[in-house]
Amino acid sequence: MNTTTEIIKVENLKRKFNGFTAVDSISFAVKKGEVFGFLGPNGAGKTTTINMLCTLLRPTSGQAFVACCDVAKEPNRVRKEIGIIFQDPSLDDRLTAEDNLKFHGYLYNMDHRVIEARIKDVLTLVELYDRRKDYVKKFSGGMKRRLEIARGLLHQPKLLFLDEPTLGLDPQTRAHIWEYILKMRQEHNLSIFMTTHYMQEAEVCDRVAIIDHGKIVDLDAPANLKSKYNETTLEGVFLKITGKDIRPQAGESAWTQWMRRT
Amino acid sequence: MGDFWAIYILWLRDLKRYWYDKARIFASLGQPILFLFVLGTALSPSVAAPGGIKFSEFIFPGIISMTVLFTSIFSAISIVWDREFGFLKEVLVAPVSRWSIVIGKALGGSTVAVLQGCLMLLLAPLVGVQLSLLIVIQSIFVMFLIAFAITGLGIVIAARMKEMEGFQMIVNFVIMPIFFLSGALFPMDRLPSWLALLTRIDPLTYGVDMLRGVMLGIHSFSYILNLVVMLGFTFIMFAVAVIEFNLAE
């Protein structure tokens with residue numbers, strides 16, 4: 001494989017949950033420094049793919065490499081290189097903002113003299129530095145999300161996973177969050193792998209993959225997709241490819257049921 | 001080195017969370033205090049404790065063990081809360097070995113349990129139990145042995161539990177039997193054989209016996225047997241917990 005230009009390489013990746021195939025033999029690659037969007041209706045397999053790439057879920061078959069390391073064989077080397085902003089909150093609300101970040105820094109074995117300075121940097125970036133001593137319990141949804149972004153960036157990952165990073169936030173917060181992320185990208189040559197339901201947000205991606213029923217249906221730059229499908233917006237392209245029917249949350253519920261059983 | 005700091009920060013988190021909820025520190029002393037003063041005082045005239053001591057003195061180490069037992073199990077089961085509130089993902093996706101997550105959690109839970117046990121220890125003068133510095137140090141050691149063993153058990157249970165709904169079942173069918181069969185509340189020397197057998201299967205029996213030996217000089221088994229059983233049980237629990245965490249996705 002090419003070790004110099006690709007941050008993610010996925011080959012025939014498959015994941016089944018008790019007979020239900022959530023991700024069905026997908027293959028793609030993400031280049032270093034790229035913002036890569038993963039779009040699809042509910043239950044298409046987006047979160048399952050992210051969970052496999054960030055080592056929380058083992059693939060049923062196929063391979064995935066992140067920063068040149070096999071996610072199934074060298075999970076700890078992969079974990080060092082990535083930052084993740086999960087779809088659902090994952091903060092300890094009985095700790096202060098600062099303590100949540102300190103916890104993260106120690107878990108990632110950062111140099112203790114560096115941690116303080118980095119905490120200041122990332123909290124300043126997301127405009128929460130003056131709230132650093134507050135318990136997360138007191139934070140609004142938008143502030144929690146900003147804190148999670150700060151945490152995901154703390155250990156200076158090469159690759160950032162964003163699973164619906166702006167879900168449920170007001171337009172002002174969404175705009176700010178994109179500002180932070182793109183600023184970070186510019187300053188640190190960060191690669192970004194994101195999923196979203198907001199099609200205008202997906203316009204910032206260099207390339208997007210459209211996934212449905214566990215398979216990649218198309219993959220290209222937003223502009224190329226728009227001209228290919230003769231649509232003026234990515235939303236139009238999305239609806240043309242995946243149809244207008246409302247989806248049951250098939251994949252999500254299979255995943256949740258499986259989590260409960262095991 | 002990374003694993004050492006991971007253990008440290010997991011331990012520190014449990015301590016900070018303990019300190020955050022100061023009301024719970026005192027609230028959770030309510031039940032053991034009821035057992036100690038109401039049950040202890042009420043039964044003292046009618047139950048003959050070995051060694052000619054009062055019944056309330058006799059159960060004092062048992063009630064401390066109970067405090068340690070419940071605090072340990074609650075701390076370990078908080079992993080299930082972490083799973084429900086998403087925080088466990090933050091831990092599982094970090095570049096740390098799974099065994100250091102288990103050890104860090106167990107040390108945090110054990111420290112909190114020993115602190116609760118020490119608060120109970122402060123009641124010794126009210127019960128009439130004489131404590132020297134040496135006895136206090138030995139008691140803390142035994143409390144820690146119990147706490148570490150039980151958090152190990154709690155982590156094994158928590159690794160299999162996906163939601164808190166099942167917790168009441170665990171209390172009724174695991175924790176209460178462990179407590180009642182441990183001899184925390186009764187002398188072990190005049191039991192019918194079926195009950196004697198059950199008490200000997202309960203790992204906490206050996207912890208309670210060791211604590212009673214240290215504090216009151218009364219014990220049914222040798223110090224060495226107690227120590228070996230507690231350490232053996234702890235080792236098995238940790239081996240199972242680490243395997244479970246490595247297999248879990």
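These figures come from a predicted structure and were not determined experimentally. Just the heavy atoms: all of them, side chains too, but no hydrogens, waters or symmetry mates, feed the values below. Convention: sequence-line order gives letters A, B, ...; per-chain numbering from 1.
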Take a 6.0 Å sphere around CZ of B:R17 and say whether it holds more than 12 heavy atoms from other residues, nucleotides or ligands. yes
Over all atoms of both residues, closest heavy-atom pair of B:L10 and B:I101: CD1-CA, 3.7 Å
For each of B:G86, B:A6, B:P95, tally heavy-atom pairs with chain A at distances under 4.5 Å, and name the one with the top tally. B:P95
Proximity breakdown for B:F87 and chain A, heavy-atom pairs closer than 4.5 Å: both
Can a donor-acceptor pair be found between the side chains of A:Y198 and A:E164 at a distance below 3.5 Å? no
Have A:N42 and A:H197 got a donor and an acceptor in their side chains that come within less than 3.5 Å? yes
For A:F86, which atoms come within 4.5 Å of any heavy atom of chain B: side chain, backbone, both, or neither? side chain
Using heavy-atom distances under 4.5 Å, tell me whether B:F4 contacts chain A through its side chain, its backbone, both, or neither. neither
Measure the acute angle between the ring planes of A:F28 and A:F193, then classify it against the limits of 30° and 60° as parallel, tilted or perpendicular. parallel
Evaluation steps, side-chain hydrogen bond (donor to acceptor under 3.5 Å, both in side chains), between B:D14 and B:S75: CA-CA 8 Å; B:D14 268 10; B:S75 299; 5.4 Å; no
Count the heavy-atom pairs under 4.5 Å between each of A:N76, A:D99, A:N100, A:N109 and chain B, then report the option with the highest count. A:N76
What part of A:L107 is in contact with chain B, defined as an atom under 4.5 angstrom from a non-hydrogen atom: side chain, backbone, both or neither? both
I'd like to verify something: which residue of A:E148, A:H155, A:H112 has the highest number of heavy-atom pairs under 4.5 Å with chain B? A:H112
Would you please indicate yes or no on a ring centroid separation below 6.0 angstrom for A:F161 and A:F38? no
With a 4.5 angstrom heavy-atom cut-off, could you sort out which part of B:D21 is near chain A: side chain, backbone, both or neither? side chain
Heavy-atom pair count under 4.5 Å with chain B, highest-scoring of A:M110, A:H104, A:R77, A:R151: A:R151
Spell out the residues in residues 130-143 of chain A that have some non-hydrogen atom less than 4.5 Å away from a non-hydrogen atom of chain B, in order of number; otherwise answer 'none'. A:Y135, A:K137
Could you tell me if A:T48 and A:N51 have a donor-acceptor pair between their side chains, going purely by distance under 3.5 Å? no
Electrostatic pair A:R146:A:E127 at N-O distance under 4.0 angstrom: no
Check ion pair A:D92-A:R94 (N to O, under 4.0 angstrom): no
Can you tell which part of B:I7 gets under 4.5 Å to a heavy atom of chain A, answering side chain, backbone, both or neither? neither
Carefully, step by step, assess A:F103 and A:Y108 under the rule ring pair (Phe, Tyr, Trp, His ring centres under 6.0 Å). CA-CA 9 Å; A:F103 182 86; A:Y108 281 75; 9.8 Å; no
